[in-house]
Amino acid sequence: MEEDLVKIRREKWEKWKDAFGDKIALKFECENKIDQIVNDYSHKEKEFFDEKKIVVKTAGRIISLRKMGKLTFCHLSQIKSKIQILFEKNSVKEENYKNLSLLDIGDFIGIEGYLLKTRTGELTIAVENYKPLMKCLKPLPEKWHGLQDVEQRYRQRYLDLIINSESKERFLKRIKMVDAIREFMKKKDYLEVETPMLQPMAGGATAKPFKTHHNALDIDLFLRVAPELYLKRLIVGGFEKVFEINRNFRNEGIDTRHNPEFTMMEFYESYSSMDEMMKLTEELLCYVSKEVNGAAEISFNEQKISFNPPYKVVSLLMEARKFLNEKGIDENDLDDSQVREKLCDSYGLSKEKSKSRMKFLVEVFDTFVAPNLIEPTFVVDFPVEVSPLSRKKDDEVVYRFELYILGMEVANGFSELNDPDDQRERFLKQAKEKFEGDLEAMSYDEDYCLALEYGLPPTGGEGIGIDRLAMILTETDSIRDVLLFPLLKPEKEK
RNA sequence: GGGUCGCUAGCUCAGCUGGUAGAGCAGCGGACUCUUAAUCCGCUGGUUCGGGGUUCGAGUCCCCGGCGACUCACCA
């Protein structure tokens, strides 16, 4: 049983004090990083190490252990690399060789030794001194198959990271991606800011918020669904270019593309419009793809995708109307709710989402067109009705776009609505929908309208879904696999 | 919330129409100075997710519950 295995490891651990002076080391001067050692020396010939004794001092977790009499091979792991280490009975002190039996796979040790190449040509540290740093009391999952149980990989992500290198690599890639995005935005003179997560009113997106309570103020607060309205207040305040990479929270379903908390980058630029945002997006994605994957072209489940600009542009309304034409549907009939419901039934559309002519058209697009947008594609011509924060182009549509990749919405941007009178009217319409039972409709935010009265310059703004972009760039099907700790239901106490 | 599937040793998995729960890895003991899924000999290890039921007998069949995966609905 597992307790027996832990008991044996604990007994070994008890002996550390006599054998090595410490049960738990305070620290270890790790003078050489393993990936640096590998980079510097793995290409050298075997003879190089015969002539020159290169001494290194490093530390890591033991991830494999092969004892063969008077020789013991291990692999020592650090975040970016691993290296083989070798204990020879003649090179370490006799009692220290014997004390190797107190070490297990999973333990952290610090070592000092010299480099050599084995008969098979593998760069190896021949250990002269070593010091165990901390015991791993639990047995690690098996080295060959790794940790397969999906649930355990999420619940105990550290085990997944120790044992499954693909998983570790995927997260390192995500980190690199976020770094690249940040670098890009800073190079473009955007200022990085943080705006409230706790908001008295959850605005900036149509979504169901999480509610919470502040005790000292005795007020209800919401976790933000978007930072949008605060970022635009900063534009009013004269911060001409701002961006924020942070979490949003939406109290909605969970599936392979949705987690209740997710990361978005939102950015806003004064004196700009949706056209500049689209150009910037093309440039950004191309740059990030090259930084992360070394190329602007990637493949995803055999599908080829290019991030090289320019991206295709399709009109939401034109595509939806094309569908109506093909099916012989008269658009004017769509004002009749009974007609819409009938059509929803025959084409398998959501009645909930088709409660007006325009919403029906959007639903048609989402269902029949969007899933087929594999290569990066901008969708334009969104109805005013579903875009309460975008500037009107005419009575029907706004200056707004969404970017689709692999059938997935990855970005959403627009020329910001900066007319306070128009904004008030749009909020009123939202408030009415909310009153009529739409839980996702926006609240009337008078404080934001007040800010607009001080003058929001013409502004382009956009939000990019970071998790989804990470999925695409790491060829990952589920959002949970690019989130270190996806939300799971707690296990029930027995 | 609905549907389908899954849950067996620390890990990866077998276990057929119901008949004594098995293997590999890990672990323990032994051999071994170039191994790398090391090898060889021997050994240990189980509340079969939980609770009921049917049965002489349940990992297997039935019911209830838990958690997860996929999928539909909702959403980005």
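Every chain is numbered from 1, with letters handed out A, B, ... down the list of sequences. Basis for what follows: all heavy atoms, side chains included, without hydrogens, waters or symmetry-related copies.
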Checklist entry - Which residues satisfy the salt bridge (Lys or Arg N to Asp or Glu O under 4.0 Å) test with Glu352(A), sequence neighbours excluded? => result Lys355(A)
Next on the checklist: Could you work out, with salt bridge (Lys or Arg N to Asp or Glu O under 4.0 Å) as the rule, every residue matching Lys208(A), not counting sequence neighbours?
Outcome noted: none
Next on the checklist: Counting primed atoms plus P, OP1 and OP2 as sugar-phosphate and everything else as base, spell out the protein contacts along nucleotides 27-33 of chain B at 4.0 Å heavy-atom distance: B, S or - for each nucleotide, 5' to 3'.
Outcome noted: SS---BB
Checklist entry - Under the 3.5 angstrom rule, does the side chain of Arg250(A) hit a backbone N or O of Pro260(A) as a donor-acceptor pair? => result no
Checklist entry - Quick one: does Arg468(A)'s side chain have a donor or acceptor within less than 3.5 Å of a partner on Glu409(A)'s backbone? => result yes
Without decimals, in angstroms, what is the distance between [X] [atom1] and [N] [atom2]?
X         : N       : atom1 : atom2 : result
Leu159(A) : rU12(B) : CG    : P     : 10 Å
Glu440(A) : rA73(B) : CD    : P     : 15 Å
Asp438(A) : rC74(B) : CG    : P     : 13 Å
Ile163(A) : rG10(B) : CD1   : C1'   : 12 Å
Arg155(A) : rC49(B) : CZ    : C1'   : 12 Å
Leu123(A) : rU35(B) : CG    : P     : 17 Å
Phe73(A)  : rU35(B) : CZ    : P     : 7 Å
Tyr154(A) : rG68(B) : OH    : P     : 11 Å

Item to check | Distance under 6.0 Å and angle within 45° of ring axis: Arg157(A) vs Phe485(A) | outcome: no
Checklist entry - Is the charged tip of Arg233(A) near the ring of Tyr230(A): under 6.0 Å from the six-membered ring centre and within 45° of its axis? => result yes
[N] pairs with which nucleotide, Watson-Crick or G-U wobble, both distances below 3.5 Å?
N       : answer
rA14(B) : none
rA21(B) : none
rC70(B) : rG3(B)
rU39(B) : rA31(B)

Is the shortest side-chain N/O distance from [X] to OP1 or OP2 of [N] below 4.0 Å?
X         : N       : value
Gln148(A) : rC11(B) : no
Arg153(A) : rU12(B) : no
Lys143(A) : rA26(B) : yes
Ser478(A) : rC70(B) : yes

Next on the checklist: Once hydrogens and angles are ignored, does a donor-acceptor distance under 3.5 Å link the base of rC74(B) to the side chain of Asp255(A)?
Outcome noted: yes
Please enumerate all protein N or O atoms sitting under 3.5 Å from an N or O of nucleotides 6-9 of chain B, with distances to 0.1 Å.
none

Assign [X] to base, sugar-phosphate, or nothing according to its heavy-atom contacts below 4.0 angstrom with the strands shown.
X         : result
Glu402(A) : nothing
Glu122(A) : base
Thr124(A) : nothing
Gly465(A) : nothing
Gly146(A) : sugar-phosphate
Asp477(A) : nothing
Lys138(A) : nothing
Thr256(A) : sugar-phosphate
Leu140(A) : nothing
Ser64(A)  : nothing

Checklist entry - Is the shortest side-chain N to carboxylate O distance from Arg257(A) to Asp467(A) below 4.0 Å? => result no
Next on the checklist: Between the side chains of Lys434(A) and Glu440(A), is the shortest nitrogen-to-carboxylate-oxygen separation below 4.0 Å, so that they form an ion pair?
Outcome noted: no
Checklist entry - Which one, rC11(B), rC70(B), rA73(B), comes nearest to the side chain of Ser350(A)? => result rA73(B)
Checklist entry - Which of these nucleotides, rA76(B), rU12(B), rC74(B), is closest to any side-chain atom of Lys353(A)? => result rC74(B)
Next on the checklist: Quick check on RNA chain B: between Ile254(A) and Leu488(A), whose nearest nucleotide comes earlier from the 5' end?
Outcome noted: Leu488(A)
Checklist outcome for this item: Across all chains, not counting sequence neighbours, the ring-ring contact (aromatic ring centres under 6.0 Å, His included) partners of Phe48(A) are none
Checklist entry - Can you tell me how far P in rA37(B) sits from the matching atom in rC61(B), rounded to whole Å? => result 39 Å
Checklist entry - Can you find a pair of side-chain heavy atoms, one from Glu122(A) and one from Lys117(A), that are under 4.5 Å apart? => result no
Checklist entry - What pairs with Glu282(A) under side-chain contact (heavy atoms from CB on, under 4.5 Å), at least two apart in sequence or on another chain? => result Pro309(A), Pro310(A), Tyr311(A), Phe378(A)
Checklist entry - Taking the six-membered ring for Trp, are Phe427(A) and Tyr444(A) parallel (under 30°), tilted (30 to 60°) or perpendicular (over 60°)? => result tilted
